[in-house]
Amino acid sequence: MVIGVTGHRDLIEGDRYDLEKQVRNIFEEIGKNYPHTPMVLLSPLAEGADRLVVRVALDLGIHLIVPLPMPRTLYERDFQTPDSQTEFNDLIQRAENWFELPLVEGNTEGNIREYGKHRDLQYEAVGKFIVHHSQILIALWDGESSDLLGGTAQIVQYWLKDFPQSIGSMLSPPDPVKCGPLYHIMTPRIKNPNPDKAKTYQKIFPEGYSNNEEAERDYKRIYKSIESFNRDALNFESELAAKRGASKAYLIPGLEAETLSYDLKFIREVYTTADTLALYFQGKTLWTLKALCILALAAVAFFEAYSHMFHDTHILLLLYPVLLGVAFFFYYRAKQNEYQNKYQDYRAIAEGLRVQFFWRLADLPTSVEEHYLGKQRSELDWIRSAIRVCWSITGGEVNNTISSGIAPQDIHRMQLVLKHWVENQYTYFNEAGWRDGGQLKSIEQKRNLLLLLSVGLTFIMAVILTLLGFLFKPNLNKWLEQNRLIHGLLLFIIVSLPAVIAAVLYTYAEKKALSAQTKQYAAMKILFDKARGRLRDLVDLGRYDAARYKESQILVEELGKKALEENGDWVLMHRERPLDIPR
């Protein structure tokens with residue numbers, strides 16, 4: 001849970017205790033509601049409110065990430081006293097990560113050295129960064145409007161009304177990432193020592209909701225999904241530990257991973273958690289689907305056996321509702337524990353992070369959440385929010401720009417992208433297409449054979465009985481009356497059982513989306529095949545130069561967008577086929 005902070009620098013010393021108490025109450029409220037979800041605080045460590053909130057957060061064990069509005073040496077000019085400088089150095093050393101935002105267009109290190117508009121633009125940039133990358137904002141603000149560029153009032157305005165564009169990229173206006181609640185602590189300051197309702201706080205939601213209750217429900221839904229992910233990660237940690245190594249190695253092997261930067265290692269860790277959890281819940285989902293199909297088949301088989309053959313064996317009739325009851329129990333358990341939704345959601349997170357990892361490895365500044373699940377809104381917003389967190393706290397967006405020149409490490413990184421993403425994904429889609437296509441073909445063949453067998457044998461039996469009826473009508477009817485078991489057995493084996501098995505096979509193939517998935521995999525195989533051919537040509541050591549490197553970056557970015565679109569369609573396709581007892 002990424003929490004941003006904004007606030008006044010000129011706090012009144014005597015108010016610190018009460019303000020710290022309110023900040024602590026906010027953190028404890030969030031922690032109580034989402035006990036398995038670690039909190040991360042984004043703060044540029046400005047004097048006053050920023051540091052007050054950071055001190056409380058660190059005392060509570062909350063992680064600290066520090067985005068600096070400008071190069072550190074220039075930013076430190078804000079801290080005039082030795083005590084302030086010492087405090088800044090102490091806090092930044094306790095941060096899990098810190099990074100410098102790029103200079104705003106038109107700014108230089110020379111023109112931001114002195115106080116004025118250019119330097120204020122950098123303060124505004126860090127405020128926008130915090131707004132864009134936080135899920136919750138704490139504002140220590142006196143409630144007064146202000147035109148100060150990068151001031152607390154402006155940041156609050158951005159949060160509640162005018163969501164800013166992200167650093168280094170463009171958000172589609174109709175599809176912004178949602179800000180969460182604003183915790184406004186009414187804060188006295190030297191310039192305004194007596195604001196109304198001083199040192200109390202209220203929760204305010206961004207515009208766009210008809211009332212606070214609607215907004216509260218929306219954000220709780222997102223945060224509860226994130227909490228569920230973290231809870232599962234902890235609950236199944238030991239059970240899935242053995243599988244983490246294989247998941248990490250598939251993304252990128254251990255020896256090559258040792259040289260990765262902090263942000264790539266972090267994304268790799270979260271990817272591994274999402275991937276192993278997705279595989280776990282995939283297993284649960286498929287097991288449940290098979291159990292439902294088998295139980296439904298058995299229930300109908302016993303009912304048909306009772307109907308056609310064993311009229312006096314009433315336990316067979318009892319087995320019909322009993323087996324359907326067991327099927328309903330498995331269905332209810334899967335629904336209650338959200339096996340299928342978690343499998344799909346965690347897979348969506350893993351695939352989004354896969355693209356983010358390789359975009360970052362290719363030195364691309366693009367953020368996945370801006371290009372992901374645009375068509376699959378509402379219940380899947382939490383996935384975009386979760387992926388945004390991974391990008392936010394690594395500072396990936398601000399640490400990268402599309403390169404104009406190349407270095408040996410750039411060539412090596414692009415080779416890793418080619419080998420471990422493009423070629424691996426081509427292999428995966430090729431094998432998955434053959435697997436699902438083969439399974440679909442096998443099911444269709446069995447289903448068609450059963451239906452043909454049923455119709456054919458029924459026809460043969462009908463012809464034989466008709467002919468025998470002409471020849472031995474009284475005797476045949478008498479014989480059939482005396483041998484109802486054989487007659488019923490023939491009807492059961494020839495008509496009922498093949499039709500029921502064929503129907504269950506059809507249900508299984510449809511729920512697994514084998515037909516649609518096979519077509520999707522075939523299309524992605526072609527896409528990655530073309531991409532690997534072009535990227536191999538571009539990453540030719542004998543001809544590799546800055547222009548070819550930039551072209552390879554553009555290719556990797558476009559391929560990632562196509563992969564994200566396919567992942568979104570995959571989720572939607574499976575959402576439309578929920579687990580259910582075969583009808």
Side-chain angles (χ1 to χ4, degrees), residues 1-3 30-40 61-63 135-136 180 217-251 265-291 329-357 368-369 372-373 376 378-393 567-568 570-571 574-575 578-579:
M1 191 79 71
V2 179
I3 302 166
I30 297 168
K32 181 180 178 181
N33 290 334
Y34 312 104
H36 299 91
T37 300
M39 284 182 274
V40 175
I62 295 170
H63 305 281
Q135 295 158 309
I136 292 171
R217 283 196 304 272
D218 197 23
Y219 291 113
K220 277 187 175 180
R221 174 180 49 77
I222 292 173
Y223 301 150
K224 282 183 177 179
S225 294
I226 294 174
E227 168 71 7
S228 179
F229 176 86
N230 285 301
R231 184 172 58 247
D232 288 337
L234 292 171
N235 289 345
F236 300 110
E237 184 176 14
S238 57
E239 190 171 346
L240 301 176
K243 298 180 180 179
R244 290 182 65 86
S247 177
K248 285 183 180 180
Y250 185 76
L251 191 68
K265 287 180 178 176
F266 180 86
I267 295 172
R268 184 172 179 247
E269 286 295 325
V270 184
Y271 162 84
T272 300
T273 300
D275 184 52
T276 51
L277 283 173
L279 290 172
Y280 174 80
F281 285 105
Q282 179 188 31
K284 292 284 189 182
T285 301
L286 291 179
W287 186 93
T288 303
L289 176 59
K290 291 175 183 177
F329 167 76
F330 284 133
Y331 164 75
Y332 179 79
R333 187 180 67 172
K335 197 81 172 174
Q336 195 75 2
N337 293 318
E338 299 185 276
Y339 290 161
Q340 190 176 34
N341 284 351
K342 287 181 177 181
Y343 156 48
Q344 295 163 7
D345 290 1
Y346 297 170
R347 175 53 54 206
I349 290 178
E351 295 307 317
L353 289 175
R354 186 200 304 277
V355 173
Q356 190 71 85
F357 179 89
V368 158
E369 49 92 4
Y372 200 25
L373 299 173
Q376 300 82 11
S378 185
E379 63 180 297
L380 301 182
D381 280 339
W382 81 271
I383 296 174
R384 301 169 77 233
S385 183
I387 290 174
R388 172 168 45 139
V389 168
C390 295
W391 197 228
S392 304
I393 66 179
N567 292 333
W570 181 91
V571 173
H574 283 274
R575 275 286 199 271
L579 272 178

**Q** Between CD1 of I383 and CD1 of I226, what distance do you get to the nearest 0.5 Å?
**A** 10.0 Å
**Q** Quick one, K284 and Y343 - any side-chain contact, counting heavy atoms below 4.5 Å?
**A** no
**Q** Checking W570 against Q344 for the side-chain contact (heavy atoms from CB on, under 4.5 Å) test, could you report, in this order, the C-alpha distance in whole Å, the side-chain angles of both residues, the deciding distance, and whether it holds?
**A** CA-CA 9 Å; W570 181 91; Q344 295 163 7; 4.2 Å; yes
**Q** Is any side-chain heavy atom of P35 closer than 4.5 Å to one of E227?
**A** yes
**Q** Got a sec, which residues hit side chain to side chain donor-acceptor pair (under 3.5 Å) with T273, two or more places apart in sequence or on another chain?
**A** R244
**Q** Centroid-to-centroid, Y250 to Y271, below 6.0 Å?
**A** no
**Q** Please round to the nearest 0.5 Å and tell me the distance separating atom CE of M39 and atom CD1 of I3.
**A** 5.5 Å
**Q** Is the number of heavy atoms from other residues, nucleotides or ligands under 6.0 Å of E237 CD greater than 12?
**A** no
**Q** Excluding sequence neighbours, so at least two apart, what forms side chain to side chain contact (heavy atoms under 4.5 Å, CB included) with A291?
**A** W287, F330
**Q** Out of V270, L373, V368, which one pairs with I387 under the side-chain contact (heavy atoms from CB on, under 4.5 Å) rule?
**A** V368
**Q** Only counting residues at least two apart or in another chain, list the ones meeting ring pair (Phe, Tyr, Trp, His ring centres under 6.0 Å) with F229.
**A** Y346
**Q** Is any side-chain heavy atom of L279 closer than 4.5 Å to a side-chain heavy atom of D275?
**A** yes
**Q** Please determine whether a side-chain nitrogen of the Lys or Arg among D345 and R575 lies less than 4.0 Å from a carboxylate oxygen of the Asp or Glu.
**A** yes
**Q** Would you mind reporting whether Q135 and V389 have side-chain heavy atoms less than 4.5 Å apart?
**A** yes
**Q** Does R268 reach the side chain of F357, with side-chain heavy atoms less than 4.5 Å apart?
**A** yes
**Q** Does some side-chain heavy atom of C390 sit less than 4.5 Å from a side-chain heavy atom of Q356?
**A** no
**Q** Measuring from T276:OG1 to E239:CD, what's the distance to the nearest 0.5 Å?
**A** 10.5 Å
**Q** Is the backbone of A348 close enough, under 3.5 Å, to the side chain of Y372 for a donor and an acceptor to pair up by distance?
**A** yes
**Q** So, are E351 and R354 salt-bridged, with charged N and O less than 4.0 Å apart?
**A** yes
**Q** Report yes if the side chains of L579 and L289 come closer than 4.5 Å at any heavy-atom pair, otherwise no.
**A** yes
**Q** If we ignore hydrogens and angles and just use 3.5 Å, is the side chain of E369 paired with the main-chain N or O of S385 as donor and acceptor?
**A** no
**Q** Any side-chain heavy atom of Y280 sitting closer than 4.5 Å to one from L240?
**A** yes
**Q** Roughly how far apart are N337 CG and T288 OG1, rounded to 0.5 Å?
**A** 9.0 Å
**Q** Are more than 12 heavy atoms from other residues, nucleotides or ligands located less than 6.0 Å from atom NZ of K224?
**A** no
**Q** Determine, stepwise, if the pair K220 / Y34 fulfils side-chain contact (heavy atoms from CB on, under 4.5 Å).
**A** CA-CA 10 Å; K220 277 187 175 180; Y34 312 104; 3.9 Å; yes
**Q** Would F281 and R347 satisfy side-chain contact (heavy atoms from CB on, under 4.5 Å), going step by step from the backbone distance to the final call?
**A** CA-CA 10 Å; F281 285 105; R347 175 53 54 206; over 6 Å; no
**Q** If I take atom CG from residue L353 and atom CZ from residue F266, how far apart are they, to the nearest 0.5 angstrom?
**A** 9.0 Å
**Q** Quiz question: by atom type and distance under 3.5 Å, do the side chains of T285 and Q340 form a donor-acceptor pair?
**A** no
